[in-house]
Amino acid sequence: VIYEAYGPGGSAFVIECLTDNLNRTVSEVKTAITKGGGKRQGVVRVNKGISEDEIFDLAIEAGADDVTPVDNDE
């Protein structure tokens, strides 16, 4: 199931979940977003057109701990 949500500061999220219980999952997603539960982490995918160095610099400025380039196959 895929959820779209807005978090702190108006940040937008697309959240993909694999579940056998939709009610529990939606509840846990809401809790994670509203309470900021757990470690803040995520994956940002960027289309070609911007260099890896530019992406790295922007991510570090935004507070990223790590930047890992991946192939489109992953």
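One-based numbering along the sequence shown. Computed from a predicted model, the values in this text were never measured in an experiment.
Checked against side chain to side chain donor-acceptor pair (under 3.5 Å), Glu54 has the following partners two or more places apart in sequence or in another chain: Ser51. Remark: Asp66 pairs with no residue by the salt bridge (Lys or Arg N to Asp or Glu O under 4.0 Å) rule, at least two apart or across chains. With sequence neighbours left out, Val1 forms a side-chain contact (heavy atoms from CB on, under 4.5 Å) with Tyr3, Cys17, Thr19, Leu22. Remark: Ser27 pairs with no residue by the side chain to side chain donor-acceptor pair (under 3.5 Å) rule, at least two apart or across chains. The side-chain contact (heavy atoms from CB on, under 4.5 Å) test applied to Ile60 returns Phe56, not counting sequence neighbours. Judged as a side chain to side chain donor-acceptor pair (under 3.5 Å), and not counting sequence neighbours, Asn21 has no contacts.
Atoms OG1 and CD1, on Thr25 and Ile15 in that order, are 11.0 Å from each other to the nearest 0.5 Å.
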